[in-house]
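If you're wondering where the values come from, they're calculated on a predicted model, not measured in any experiment. What's counted below: heavy atoms across the whole structure, side chains too, no hydrogens, waters or symmetry copies.
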Amino acid sequence: MATQMSLLRGGVSRPWVPAAAGYAALVIGVLDIVKAVVPHVRTSRFNEVASVLPGSVTTLAQAGTLLVGILLIMLAHALRRRKVRAWRAVVVLLPVGAAVEALRWRHPAAAAVSLALFVVLLVNRREFYALSDPRSRWRALWNFLILGAFNLVIGWLFVAMHTHSVIGTPTLADQMEHVVLGLFGLEGPVQYSSEHVSDLVYYSLAGLGALTAITTIYLVLRPERPVAALSPEDEDRLRALLGKYGGQDSLGYFALRRDKSVIFSPSGKAAIAYRVVAGVMLASGDPIGDVEAWPGAINRFLAEARRHAWVPSVIGCSETGGQVWTRVGDLDALELGDEAVVEVADFTLEGRAMRNVRQMVNRVERLGYTCRVRRVGDLSEEEKAHIRDAADFWRGTETERGFSMALGRFGDSSDAGCVVVTAHKTSGDSGEGAGSGEGADRPGGDISAVLHFVPWGADGISLDLMRRDREADPGLNELLIVRALQAAPQLGIARVSLNFAMFRAALARGERLGAGPVLRAWRGLLVFLSRWFQIESLYKFNAKFRPIWEPRFLVYPHARDLPRIGVSVLQAEAFLTMDLRGLPFPRGRGAEVGGAIR
């Protein structure tokens, strides 16, 4: 892909240059930090070797070496990703540093290496074409927190490594106080017998603090580029395409999430909705629109990914969509799992296979639960508010999940064609559940559970949200789905898409007689991961309704990109989030308390 872009721009393609420059910057940055922090390294033979590397060309003092090392580490990732701004910074930095070294005449070899690298980067300038990523003001906050924490660690190491010149025996608290004050340009309680060491520590800490302040202020003041957002005009165009072609893909309506961007084909007859997460340009489902116009939209999607050096990927496309993506984009595909689709005409509660569902539904109804199935457009504003409040209350503090198979809103006037199924518990009923008789005291009144479906063409619906009261009786979700399927004919619905079962085929084959050790081990791993990601539980829940299994695929450029894509998918679906301390963690279980559980 990068090769194609370079050839289009003219010249010989050298796709290895950005990666080599990025890794070189990372290594050089680490060497500079080590030279600055560890005293004996500065007078060792290691320092003589490291001093000819390009990372040292701008160090007018030992304190500057530390700052340059940090900056190089910060630039390394951008260089690997072909960011043009990083390239511009380097080609300005190198000749200036070479001029300084030539004037000082202390490291002529370093100046020569810098000039040589400068020429190499100029010759290969077409390899650095990527534009900056969408950003928000949060970037400044993360820069301040992460760089500030890094400075505390490096600053403490810097102070601790110079104990040979320390007067007295300062405690750890004294050292940390010295670091914190030093970051603000103030003298701390640690005293040194050597004036040189004292100045070196002072200027190094002050430089670290200044670096954090300058980069944070720059990120705050520079013009903000909006993150993904669906404009009203693009939404109208998407709705027009869905009106004609919405029956092709059960995930098509989810392109109307308003935190996605959209790219249209040159003819305007096809579109792809996407979001950029962790450097991955992530689309979901099949392209929307005329199949013959899909290649045009795909080519524009891939061109946009190349412009920004994003990794293009698609999650949850159908087999037809996967074939077009892999053929047009020269990509690969991996089967993710299966979508459960129930044909309404074939659904029945009769027979031995449905006995457990039938018994559970009857039991829940005897406890006093009733269901109502309606179009969202038929609800009053008060009813919408009750349902929304109840669903939000049941979610609690959990992060709203969903990206590829969730709409992210309820009750919008533009979504009148959606279907909502609610379960109600008669007040004062002597049921077994803990929530009996308490409906009036909870948000939503007597509502105990909610299903929300989005349109799938003219005769289908696709599950968006499944949520219930934590204290409601078991089996309530089964009752909701059964009543939705039974009411579907009156609403003109012939097919219903339920949850997505990830790795369903592996789970099903792994439990069969004769399954090999590799397949059994893979199934065992999936069962273990189900403690957090509901893999096995969703498969077993879906299987109760005897659905047709439709495979869904992940499309990606290279196998080496899969870990990065996997992280971006987990972030987009909110299974992996960042708390205020900046630490990633997986969310807990609970099919009914998260967002969408497809």
Side-chain angles (χ1 to χ4, degrees), residues 25-51 53 55-76 100 104 106-107 140-220 579-583:
L26 179 63
V27 172
I28 294 167
V30 172
L31 292 178
D32 281 345
I33 292 175
V34 171
K35 287 198 302 176
V37 172
V38 184
H40 75 275
V41 174
R42 291 197 299 271
T43 58
S44 68
R45 196 162 189 80
F46 174 74
N47 181 57
E48 297 177 9
V49 176
S51 65
L53 295 173
S56 299
V57 301
T58 58
T59 56
L60 302 179
Q62 293 177 0
T65 302
L66 177 62
L67 303 182
V68 169
I70 295 175
L71 288 171
L72 286 173
I73 292 176
M74 294 172 66
L75 283 171
V100 171
R104 297 171 68 220
R106 294 189 56 184
H107 299 298
L141 176 61
W142 289 122
N143 178 83
F144 177 77
L145 294 177
I146 295 174
L147 195 54
F150 182 77
N151 288 345
L152 288 176
V153 175
I154 292 296
W156 176 79
L157 289 174
F158 206 91
V159 172
M161 288 294 183
H162 292 83
T163 53
H164 63 285
S165 300
V166 172
I167 299 175
T169 55
T171 63
L172 177 61
D174 292 332
Q175 292 177 344
M176 291 305 300
E177 181 182 355
H178 191 87
V179 171
V180 173
L181 292 175
L183 292 175
F184 287 93
L186 303 175
E187 290 285 357
V190 180
Q191 301 295 320
Y192 295 94
S193 59
S194 169
E195 183 177 351
H196 169 72
V197 174
S198 179
D199 289 343
L200 177 61
V201 172
Y202 173 81
Y203 286 117
S204 297
L205 292 177
L208 289 173
L211 177 63
T212 302
I214 291 171
T215 55
T216 301
I217 292 172
Y218 167 75
L219 292 172
V220 169
D579 66 8
L580 293 178
R581 293 161 296 182
L583 300 176

Full working for side chain to side chain contact (heavy atoms under 4.5 Å, CB included) between Leu147 and Leu208: CA-CA 9 Å; Leu147 195 54; Leu208 289 173; over 6 Å; no
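- Looking at residues two or more places apart in sequence or on another chain, you find no side chain to side chain contact (heavy atoms under 4.5 Å, CB included) involving Thr169.
- Among all heavy-atom pairs drawn from Gln175 and Val190, the shortest one is CA-CG2, 4.2 Å.
- Heavy atoms only, all atoms of each residue included: Gly148 and Thr212 are closest at N-CG2, 4.4 Å.
- Shown here for Pro189 and Leu181, the closest heavy-atom pair between the two residues is CD-CD1, 4.5 Å.
- Using a 4.5 Å cut-off on side-chain heavy atoms (C-beta onward), Ile154 and Asn151 make no contact.
- With sequence neighbours excluded, the residues that form a side chain to side chain contact (heavy atoms under 4.5 Å, CB included) with Gln191 are Ile167.
- Summarising the geometry of Leu172 relative to Trp156, their closest heavy-atom pair is CD1-NE1, 3.1 Å, with the distance given to 0.1 Å.
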